[in-house]
Amino acid sequence: MDKKSLVIINSIILGIIVLVLLGFLISECVYTHRINNHYINETNISVQFDDKSKKFDTSLPTVLLIHTQRCGLCIRFLPIFNKASIKYKGKYNFVALEGHDPRNYTLVQDNVTELPMVYIYDTSIGNKIHIPSTMLGDEEHFYFELDRYLHFRSLLNLDQAVKDHQEALAKIQKK
């Protein structure tokens, strides 16, 4: 192979490497710009607190949604989640977290196996329920799951459940 051919091949390889790096840098800049300008979370429900107190009613279960703007099912589910937050006001706390937001990284990395992810957290009795994404396709299925949890919760003796949960936590803290 002569020198001229070697220079051409090296130039092509170097050009490809430069184009790949340039494309990567541009995509990261665009993505960072979208996050910094809150383009990703345009749904108007990023975090909802009771009235203006900015504190959750700890006696209520919390419905946590982890979603992204890059997920088609998430985008279709957000209006259903928003309607549920209105319909079930006073029965649940509702929180939606953007999965790609760096502020949510710690929570998201431990809890996401599919998108969207919906959990019902009931801290008063130490309960965490995952609602499968197959139940998030329409309002009826999602409302059914929310109503079902409220029904089962009403069957519990909450005073006893809270006491049992506190005793279990005390035992764990002693160890």
Donor-acceptor list for residues 73-80 side chains, cut-off 3.5 Å, not counting sequence neighbours:
none

Steps toward side chain to side chain donor-acceptor pair (under 3.5 Å) verdict (Asp147, Tyr88): CA-CA 9 Å; Asp147 288 334; Tyr88 291 91; 2.8 Å; yes

If you group Ile, Leu, Val, Met, Phe, Trp and Tyr by side-chain heavy-atom gaps below 4.5 Å, do Ile13 and Val18 land in one group? no

Can you list everything that forms a salt bridge (charged side-chain N to carboxylate O under 4.0 Å, His left out) with Arg148? Sequence neighbours excluded, please. Glu145

List, by chain and then residue number, the residues other than Ile12 in its hydrophobic cluster (Ile/Leu/Val/Met/Phe/Trp/Tyr, side-chain heavy atoms under 4.5 Å); write none if there are no others. Ile8, Ile16, Val20

Looking at side-chain heavy atoms only, is the closest gap between [X] and [Y] below 4.5 Å?
| X | Y | value |
| --- | --- | --- |
| Pro61 | Asn93 | no |
| Ile129 | Tyr149 | yes |
| His67 | Leu97 | no |
| Thr62 | Phe94 | no |
| Leu21 | Ile17 | yes |

Counting only N and O atoms by type, is there a donor-acceptor contact under 3.5 Å from the side chain of Tyr92 to the main-chain atoms of Leu146? yes

In Å and rounded to the nearest 0.5 Å, what is the CZ to CG distance from Phe142 to Leu65? 7.5 Å

Mutual orientation of the aromatic rings belonging to Tyr119 and His130 [parallel < 30°, tilted 30-60°, perpendicular > 60°]: tilted

